[in-house]
Amino acid sequence: MGGRVNGSWQVTTLHVNGRGRSACFVYPHRTPIFEVSAGNSVIKVTLHANHVDHTSVLFARELAEQARTFAEEVERLHRNQLGRESKRKATAL
């Protein structure tokens with residue numbers, strides 16, 4: 001079947017628009033599933049059900065760190081937006 005395969009690849013953009021959700025589903029005898037959804041779109045991230053190694057742990061920690069960074073950036077932008085709105089209201093008086 002053709003050339004060399006370098007693993008899974010896909011690019012998906014999910015525009016959440018403030019109404020999305022995320023969840024982590026855990027199971028006693030298999031790897032967890034991390035889910036992000038918005039509207040009728042869902043993205044699920046999981047590992048091989050019966051194989052967890054050091055690289056799996058590194059990936060999970062990187063995912064958590066990047067999600068934390070994402071949340072901090074959204075909070076920063078929200079604070080800036082609220083500050084600009086307050087200034088506009090003050091100058092309108």
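The shown structure was predicted, so the numbers you read here are calculated from the model rather than taken from an experiment.
Thr55 is linked by a side chain to side chain donor-acceptor pair (under 3.5 Å) to Asp53, counting only residues two or more places apart in sequence or in another chain. Partners of Glu75 according to the side chain to side chain donor-acceptor pair (under 3.5 Å) rule, which considers only residues two or more places apart in sequence or in another chain, do not exist here. For the side chain to side chain donor-acceptor pair (under 3.5 Å) test, residues two or more places apart in sequence or in another chain that qualify with Glu73 are Arg76. Remark: Thr69 engages no residue in a side chain to side chain donor-acceptor pair (under 3.5 Å) (not counting sequence neighbours). Checked against side-chain contact (heavy atoms from CB on, under 4.5 Å), Val52 has the following partners two or more places apart in sequence or in another chain: Thr31, Ser56.
Comment: Glu72 engages Arg68 in a salt bridge, judged by a side-chain N to carboxylate O separation of less than 4.0 angstrom.
Val16 and Val74 sit in two unconnected hydrophobic clusters of ILVMFWY residues. Membership requires side-chain heavy atoms under 4.5 Å apart, directly or through other members. Note on Ile33 and Val45: separate hydrophobic clusters, where clusters join Ile, Leu, Val, Met, Phe, Trp and Tyr whose side-chain heavy atoms are under 4.5 Å apart, directly or indirectly.
Expressed to the nearest 0.5 Å, how far OG of Ser22 lies from CD1 of Ile43 amounts to 11.5 Å. In this structure, Phe34 CZ and Lys44 NZ are separated by 12.5 Å, a value rounded to the nearest 0.5 Å.
Side-chain N or O atoms of His48 include one that pairs as donor or acceptor with a backbone N or O of Asn50 at under 3.5 Å.
The environment of CZ in Phe70 is sparse: at most 12 heavy-atom neighbours from other residues, nucleotides or ligands sit within 6.0 Å. The number of heavy-atom neighbours closer than 6.0 Å to CZ of Arg21, taken from other residues, nucleotides and ligands shown, is above 12.
Side chains of Thr13 and His15 form a contact here, defined as non-hydrogen atoms less than 4.5 Å apart. Side-chain atoms of Leu14 and Val36, non-hydrogen and from C-beta on, do get closer than 4.5 Å to each other.
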Per-pair distances, 0.1 Å, donor-acceptor, side chain in residues 78-85, under 3.5 Å, sequence neighbours excluded:
| from | atom 1 | to | atom 2 | distance (Å) |
| --- | --- | --- | --- | --- |
| Gln81 | NE2 | Glu85 | OE2 | 3.2 |

| task | Verify side chain to side chain contact (heavy atoms under 4.5 Å, CB included) between Phe25 and Thr46, making sure each step is shown before the conclusion. | result | CA-CA 10 Å; Phe25 301 99; Thr46 188; over 6 Å; no
